[in-house]
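Beneath this line is the structure, given in structure tokens, with notes to follow.
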Amino acid sequence: MIDKDYSPENIEQKWYDFWLGRGLFKADEYDDTKPCFSIVIPPPNITGVLHMGHALNNTLQDILVRYKRMDGYNTLWMPGTDHAGIATQNVVERYLASKGISRHDIGREKFIEEVWKWREKHGNLIINQLKRLGTSCDWSRTRFTMDEGLSRAVRKVFVSLYTEGLIYRSNYIVNWCPRCHSALSDLEVEHEEEDGFLWHIRYPFADGSGGMVVATTRPETMLGDTAVAVNPSDRRYRSYVGKEVILPIIGRRIPIVSDPVVSVDFGTGAVKVTPAHDLDDFELGMRHGLESIIIMDEDGIMNSNAGPYKGMDRYECREQLEKDLGKDGFLVDKTPYRVPIGKCYRCKTVVEPYLSKQWFVKARPLAEKAIQAVEEGSTRILPEHWKKTYFEWMNNIRDWCISRQIWWGHRIPAWFCRDCGEITVSEDTPERCEHCSSTNIYQDSDVLDTWFSSALWPFSTMGWPDDTPLLKKFYPTDVLVTGFDILFFWVARMMMMGLRFMGDVPFRDVYLHALVRDDKGQKMSKSKGNIVDPILEMDRYGADAFRFALAAFAAMGRDVKISDKRVQGYRFFVNKIWNAGRYVLANLEGFDPDKVDKDSLKFSYADKWILSEMNRAIVDARDALDNYRFNEFAERLYHFTWHAFCDWYIEFSKPQLQGNRPDTTRWVLHRVLKTCLELLHPVIPFVTEEIWQQLPGKEVESIVVAKYPVKDDSLEFSSEADEMDKVIDMISAIRTIRGETGISPSERIDIVIKGSSDEIRRIVDSSMSYIKDLARIRDIAWITDDKERPAKSAFAVTSDAEIFVPLEGIIDTLKELDRLDKQIKRLTKELEIKEKKLSNRGFLEKANKEVVEEQRRLRKDLVFRLKRLKKAKDLMQG
RNA sequence: AGGCGGGUAGCUCAGUGGGAGAGCACCGGCCUUACAAGCCGGGGGUCACAGGUUCAAAUCCUGUUCCGCCUACCA
């Protein structure tokens, strides 16, 4: 027997340990008897702490994996973590700083050691939090992007792409974070607009004949200007092209060039050109053969090219420069302006476009196949509308800057020769330059973008570049479940790398879920203070309720809005399951389903009804999961479990257990509860296991590996189920009368029924006990003639019967008339709509026959009920 | 600038051609031995707005408007 009260903390850890102990989450690459299903986890950062995004992401994956595992698949859910270069380096630097140490104090090697130490100590936090959620990963295979095997994959990929010319090193404008001290890829920059200014600065002509005014949002960059550009079609400036201006303060003579990229109508129509500090300017500079002058260092401090501003921070320089320009009369205007700002997505520092030598991946050739794969449907992107976004980005893809000027990460396998200056790229550490054989070589100090190794995740985790049995069996994976925010960062790049190195897509489906927001739809953030902490939610309500809430809100393509209160709501559901379990178990003592001869069972109406409902729930649940409709899955089972099984069947079972076929009832209770638990297990793993373990008649050691329910045609009784629906309608109708006329629930009453057919009488007669029990009826009398209708009585009509509650003195006649009027009014309105529809010739001719038939049937029903209601009203007034 | 998503009950959202739904909140009645974390009953919506297609529109098309997000080199 299970405890009276449900408390998650008593069961969650227990069963998780049990599952791990039995190795139930393990995949078997040598098993050839089953179909396969595989997923790789989106690896969380080792610095990460479980947030709602992780919780949603992993809950959805776990639902799929548990479903497939139960459905007989050889299932691999590959777990692991990501080394998160910049983020981790930041964290460890902060930690060292608290002890008064900088990474430069201890040097690269020692620092890396410190990071590994840190990882040993803290890197498992998030993994443990995932376990708390109940995730059924094959933990024995846990990978880390910095593992030797994965590092080998990184080196191999780098070398082959380099050899093919798809990786190159070049001087280019990159997004530079002066705080992280590193280049960033385009994706790692967050764009937003801020209040700023547009400065108008006059550059005098070199020949002293006047000057021209340029507009800029970053005046300090003028120190690196090497030209002024105008649009060739701009009449105002046409004659100036070819002349020179003198750069104020610096005094450098720079040319005026013309280029179509310049907008005539922005600012003054003349733009200052700083090739070393702006992407457009750099490209313009290339076209016009302009010099690039770098004016600040890697910390954003002005260098000697900045003349008098050397040593100033870029913003300090901006202020001072503005003063100086004003003093010398060069500053013509300063107007407020919304300035687009790029910020480092890690530390929010304003990035500086910066000219430097970096490694790039030539993305376009790789993108082509990735585009094609989605076009052809080798990989499906769901929800579909993300396809367009994917294509949009892929079609306009730019080269990917992969070098980072930090220490923590995969060091670039390239060596420079001090003698000949050439580069040697090699998987293994080379002893000499492959160009001049000099031994005077040194390795590039940069590391690779973390996403470079993440891009290999679906196959590097399975042992690539070795040709492992795991790869053979489980690549490509079946589905990738991840947030849409890393569609480009990660999904697109895995597609490119998978196709290039495995010759096949990394996954058949990509299911992109939404972001988790608060209940007002706002993004969660620490500064807003609206964070919902998943660990706290699990502490309060249990992992089961928490998971169910996430699944129930995960409608495809919509944000997941969640609040503490909503999780609590589903805690009530889990509690409901718990209590249903208690009820069934209490009635199953001494019962062994294996000893029951199924053919000898004599199912009642109610039995047949719930078994048929069960079949429908099974079909719907499977259909929902097969199509990633998690919310439908959750809601469908919620409804079946609570409102079909608990609200109706368990109540039906009570009189049945007292009747003459208790064993049949037990069999049904057992069967339906077991099925409920198995259906729900993917989303509610713990409580389902706790109850399931106590059920008699288990075939396997755990619900984790129980067969996922399939529709059982031998338990399908649709016509009897329909008849039971009529009984349910009648019980509801009687309850409504009771509720609306204020008859005390404890009072048993007599009713009179006039059926519309012999059929209904037969049905009611054989369902008498249910009606009496659930509607609290003492006696049911039948009438066949309208003359027998009781005069002063409350009245209700269903599609099949009229129900009278003759309680003179107890019912208020006026109130009852009012009640009847309200119903008559409502049904009349409905009937009008039907009449209109059915008198429409176009409808009769063009609509489907079934639809017309259905409308006719509904009209007939309405006519019947209206007629009876009016009659009841007449009688009441009479 | 372009793209995408959304506007349905008081709140949060399902529903994508044929009778407007759920959960929560609200109102009324119940401690009926699985469950008061519960049971029974009830009220509540011009489906953003305007056109169009159709026998039929919350659903498809066009436009308007408001909100959110993403991409973009107008300094």
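All chains are named by letter (A, B, ...) in the order of the sequence lines, taking the proteins before the strands, and each is independently numbered beginning at 1.
- Phosphate contact (OP1/OP2 of B/G19, side-chain N/O of A/Gln855, threshold under 4.0 Å): present.
- B/G23 and B/G44: their C1' atoms are spaced 15 Å apart (whole Å).
- Note on A/Thr217: only backbone sugar-phosphate atoms sit closer than 4.0 angstrom, heavy atoms only; bases stay farther off.
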What do the steps show when you test A/Phe652 against A/Tyr770 for ring pair (Phe, Tyr, Trp, His ring centres under 6.0 Å), and what is the final call?
CA-CA 6 Å; A/Phe652 291 143; A/Tyr770 307 134; 4.9 Å; yes

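- Taking atom P in both B/G7 and B/C60, one finds a spacing of 11 Å when rounded to whole Å.
- Using a 4.0 Å heavy-atom cutoff across all strands shown, A/Lys272 reaches no nucleic acid atom at all.
- OP1 or OP2 of B/A37 has not a single side-chain nitrogen or oxygen of A/Tyr570 nearer than 4.0 Å.
- Between B/A34 and A/Lys654, a contact under 4.0 Å exists linking OP1 or OP2 to a side-chain N or O.
- Each of A/Lys822 and A/Asp647 was matched to the nucleotide of RNA chain B holding its nearest heavy atom; the match closer to the 5' end belongs to A/Asp647.
- For A/Arg826, a side-chain nitrogen or oxygen approaches OP1 or OP2 of B/G43 to under 4.0 Å.
- Taking the side chain of A/His191 as heavy atoms from C-beta on, and the options B/A72, B/U54, B/A34, the nearest nucleotide is B/A72.
- Distance check on atom C1': B/U65 versus B/A56 gives 28 Å, rounded to whole Å.
- Counting only heavy atoms from C-beta on, A/Ala847 has its side chain closest to B/G18 among B/G5, B/G18, B/G29.
- A 4.5 Å side-chain heavy-atom check between A/Ile734 and A/Arg776 finds every atom pair outside the cut-off.
- The pair A/Glu830-A/Arg865 does not count as a salt bridge, with every side-chain nitrogen at least 4.0 angstrom from each carboxylate oxygen.
- The phosphate of B/C39 has OP1 or OP2 within less than 4.0 Å of a side-chain N or O from A/Trp642.
- Comparing atom distances between the A/Thr216 side chain and each of B/A75, B/G3, B/A34 picks out B/A75 as nearest.
- Out of B/A34, B/C40, B/A37, the shortest distance to the side chain of A/Tyr6 is found at B/A37.
- B/U53 is unpaired under the Watson-Crick or G-U wobble criterion, no partner having all donor-acceptor distances under 3.5 Å.
- Proximity note for A/Glu740 (side chain, C-beta onward) versus B/C70, B/G42, B/A75: the nearest is B/G42.
- With hydrogens and angles ignored, a donor-acceptor pair closer than 3.5 Å exists between the side chain of A/Lys576 and the base of B/C35.
- Base-pair partner of B/C26: B/G42 (Watson-Crick or G-U wobble, both distances under 3.5 Å).
- The listed nucleotides are B/A34, B/G23, B/C73; the one nearest the side chain of A/His643 is B/G23.
- Heavy atoms of A/Val262 sit under 4.0 angstrom from at least one base atom.
- Taking a pair to require two hydrogen-bonding distances under 3.5 Å in either a Watson-Crick or a G-U wobble arrangement, B/A48 pairs with B/U64.
- Which of B/A34, B/C74, B/C55 sits closest to the side chain of A/Phe266 comes down to B/C74.
- Here the separation of B/A9 from B/C49, taken at their P atoms, is 11 Å to the nearest Å.
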Would you check, one step at a time, whether the test salt bridge (Lys or Arg N to Asp or Glu O under 4.0 Å) holds for A/Lys829 with A/Glu832?
CA-CA 5 Å; A/Lys829 214 167 123 193; A/Glu832 273 166 21; over 6 Å; no

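- Annotation: B/C4 and B/G43 have their C1' atoms spaced 39 Å apart (nearest Å).
- Taking only side-chain nitrogens and oxygens, A/Arg636 never comes nearer than 4.0 Å to OP1 or OP2 of B/A14.
- Taking every side-chain heavy atom of A/Arg566 into account, B/U12 is the closest of B/G18, B/A34, B/U12.
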Test A/Asp281 against A/Lys272 for salt bridge (Lys or Arg N to Asp or Glu O under 4.0 Å), laying out the working first.
CA-CA 8 Å; A/Asp281 291 4; A/Lys272 55 189 268 324; 5.4 Å; no

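- At the phosphate of B/G42, OP1 or OP2 sits under 4.0 Å from a side-chain N or O atom of A/Thr736.
- Residue contacts for A/Lys846: at a heavy-atom cut-off of 4.0 Å it reaches a base atom on one of the strands shown.
- Across all strands shown, A/Trp199 has no heavy atoms under 4.0 Å from either base or sugar-phosphate atoms.
- Applying the side chain to side chain contact (heavy atoms under 4.5 Å, CB included) test between A/Val228 and each of A/Val213, A/Val257, A/Val214 identifies A/Val214 as the sole match.
- A distance of about 11 Å separates the C1' atoms of B/C67 and B/A48, rounded to the whole Å.
- Residue contacts shown for A/Glu651 include a base, since a base heavy atom lies under 4.0 Å away.
- Pairing for B/A1 is with B/U71, a Watson-Crick or G-U wobble pair whose two hydrogen-bonding atom distances lie under 3.5 Å.
- Between A/Lys837 and B/G19 there is a side-chain N or O to OP1 or OP2 distance below 4.0 Å.
- When both distances must be under 3.5 Å, the Watson-Crick or G-U wobble mate of B/U59 does not exist.
- Comparing B/A75, B/G18, B/G38 by their closest approach to the side chain of A/Phe572 singles out B/G38.
- Set against B/G41, B/C73, B/A34, the side chain of A/Asp280 has B/C73 as its closest nucleotide.
- The residue A/Ile650 sits close to a base: some heavy atom pair falls under 4.0 Å.
- The closest side-chain heavy-atom distance from A/Trp692 to A/Lys674 is below 4.5 Å.
- Across B/G15 and B/U59, the matching P atoms stand 15 Å from one another, rounded to whole Å.
- Taking atom C1' on both nucleotides, B/U33 is separated from B/G21 by 35 Å, rounded to a whole Å.
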Take A/Asp259 and A/Arg287 through the salt bridge (Lys or Arg N to Asp or Glu O under 4.0 Å) test and state the conclusion after the steps.
CA-CA 9 Å; A/Asp259 194 286; A/Arg287 286 195 290 275; 2.9 Å; yes

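- Between A/Leu858 and A/Glu632, the residue anchored closer to the 5' end of RNA chain B is A/Glu632, taking for each the nucleotide with the nearest heavy atom.
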